[in-house]
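Here's the structure, in structure tokens; my notes come after.
As the structure is a prediction and not an experimental result, all values here were calculated from the model.
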Amino acid sequence: MQVIYEDNHIIIVNKQSGEIVQGDKTGDRPLSDLVKAYIKEKYGKPGEVFLGVVHRLDRPVSGLVVFARTSKALTRLNKMFAEGQVHKTYWAIAEKKGPQPSTLNPQPSTLNPQLLTHWLTRNEQQNKSYAHDHEVPHSKKAQLSYRMLAQGDRYSLVEVQLMTGRHHQIRCQLSAIGCPIRGDLKYGARRSNPDGSISLMARRIEFVHPVSHTPICLEAPLPHDSLWTELSSIIR
């Protein structure tokens, strides 16, 4: 477990692909338990350690996760997330599959964000969302903005900012425009990644600290993968 930031009220860690943030029916040990154990050992905490889960990442996704260490921080962070005061930036490696939409084909120096809007429906049994270009029964509006940061021969590095928080939103919407995320078989990728991950990460998080009111802006390190390194080196 990699701790990126911690103080008396919050702790931010870099989640690895395959980890679950909170306990589920699999019975696998969640990241929240690992963080509790870390706090208990580091600070010699007697008894149960308080830790509040304020948001989650899909299991195959990596990147920054914020936890609350106090009830005060938990209440305020929940409100901040609900009101869109926490800004998360995602990076994805997207396949160039099929006809390419013009919005994913600018030169790497063209960094103007593009707006993407769909209406998503969710199939609970399949644990999968479906994108529609117009409103349909039981659908929810999904919006994100994205820009292409770099292009390789077969993949693009895309930066995404969510404007809504829907189930599998980034995965579903990028797939809907013919650019599934590398390794994401559920949403149309050609093949899986060797480690079972998908090439999507919560790269950056920005917010005002819920207690001290100081600005927080943090980035997660890139996964240890040659394609992440290759594509990110282009934009640098």
Side-chain angles (χ1 to χ4, degrees), residues 2 4 14-19 57-65 87-118 120 126-131 133 142-205 218-236:
Q2 184 180 22
I4 303 297
N14 183 30
K15 173 188 171 302
Q16 302 301 306
S17 171
E19 291 181 322
L57 294 177
D58 293 342
R59 186 164 193 158
V61 178
S62 63
L64 298 177
V65 180
H87 304 288
K88 292 185 291 182
T89 301
Y90 294 82
W91 278 15
I93 296 176
E95 292 188 3
K96 297 179 179 181
K97 184 177 181 180
Q100 287 294 294
S102 60
T103 49
L104 267 186
N105 270 328
Q107 295 299 314
S109 59
T110 305
L111 298 178
N112 295 324
Q114 304 289 329
L115 179 66
L116 197 57
T117 302
H118 290 98
L120 304 189
Q126 296 177 332
N127 189 32
K128 184 175 179 180
S129 291
Y130 292 86
D133 59 9
Q143 286 189 312
L144 58 79
S145 66
Y146 69 98
R147 59 180 184 166
M148 193 195 67
L149 299 178
Q151 288 190 89
D153 293 335
R154 293 185 299 152
Y155 298 98
S156 298
L157 179 61
V158 182
E159 182 177 88
V160 176
Q161 291 191 323
L162 289 174
M163 303 170 72
T164 54
R166 308 303 183 200
H167 177 257
H168 291 180
Q169 183 177 336
I170 298 173
R171 301 165 64 180
C172 183
Q173 287 195 268
L174 289 185
S175 175
I177 60 171
C179 299
I181 293 171
R182 175 177 174 247
D184 196 359
L185 296 178
K186 177 169 285 191
Y187 288 96
R190 291 185 180 92
R191 59 182 65 85
S192 61
N193 290 340
D195 61 359
S197 69
I198 65 173
S199 298
L200 174 64
M201 67 175 302
R203 170 67 164 165
R204 186 182 309 115
I205 194 161
L218 299 167
E219 279 195 350
L222 294 175
H224 298 294
D225 178 285
S226 59
L227 188 56
W228 279 108
T229 303
E230 175 187 337
L231 289 173
S232 64
S233 69
I234 296 173
I235 62 174
R236 285 199 291 266

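Put simply, the side chain of R166 does not reach to within 4.5 Å of the side chain of C172, judged on heavy atoms. The shortest distance between side-chain heavy atoms of T229 and L222 does not fall below 4.5 Å. Looking at heavy atoms from C-beta onward, Q173 lies out of side-chain contact with V160 at the 4.5 angstrom threshold. With contacts defined as side-chain heavy-atom distances shorter than 4.5 Å, the pair R203/S232 does not qualify. Between L218 and L64 there is a side-chain heavy-atom pair separated by less than 4.5 Å. In this structure, the side chains of H167 and L120 stay at 4.5 Å or more apart for every pair of heavy atoms. Two residues are said to be in side-chain contact when any heavy atoms from C-beta on lie closer than 4.5 Å; L200 and P60 fail this criterion.
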- Message: Under the criterion side chain to side chain contact (heavy atoms under 4.5 Å, CB included), I'd like the reasoning laid out for I198 against Y187: C-alpha separation, chi angles, the key distance, then a yes or no.
- Response: CA-CA 10 Å; I198 65 173; Y187 288 96; over 6 Å; no
- Task: List the steps and the verdict of side chain to side chain contact (heavy atoms under 4.5 Å, CB included) for L157 and I234.
- Result: CA-CA 10 Å; L157 179 61; I234 296 173; over 6 Å; no
- Query: What do the steps show when you test H168 against D58 for side chain to side chain contact (heavy atoms under 4.5 Å, CB included), and what is the final call?
  - Reply: CA-CA 8 Å; H168 291 180; D58 293 342; 3.1 Å; yes
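Between W228 and W91, the shortest heavy-atom distance links the atoms CH2-O, 3.6 Å.
Applying the side-chain contact (heavy atoms from CB on, under 4.5 Å) criterion to S62, with sequence neighbours excluded, gives M201, P223.
Note that CE of M163 is 10.0 Å distant from CD of Q169, once rounded to the nearest 0.5 Å. Interatomic distance, CG of L185 versus CZ of R190, reported as 12.0 Å (0.5 Å rounding). In this structure, D184 CG and R171 CZ are separated by 4.0 Å, a value rounded to the nearest 0.5 Å. Note that the CG atom of L57 and the OG atom of S17 stand 10.5 Å from one another [nearest 0.5 Å].
Under a 3.5 Å cut-off, the side chain of S175 and the backbone N or O of P180 do not form any donor-acceptor pair. Using a distance-only test at 3.5 Å, with no hydrogens or angles considered, a donor-acceptor pair links the side chain of K186 to the main chain of N127.
Side-chain contact of T89 with E159: a donor-acceptor pair under 3.5 Å is absent, judged by distance alone.
Between R182 and D225 there is a salt bridge, since a side-chain N of the basic residue sits under 4.0 Å from a carboxylate O of the acidic one. Checked for salt-bridge contact, E95 and R154 miss the test: no charged N lies under 4.0 Å from a carboxylate O.
Across L227, I181, V158, a single residue satisfies side chain to side chain contact (heavy atoms under 4.5 Å, CB included) together with S199, and that is I181.
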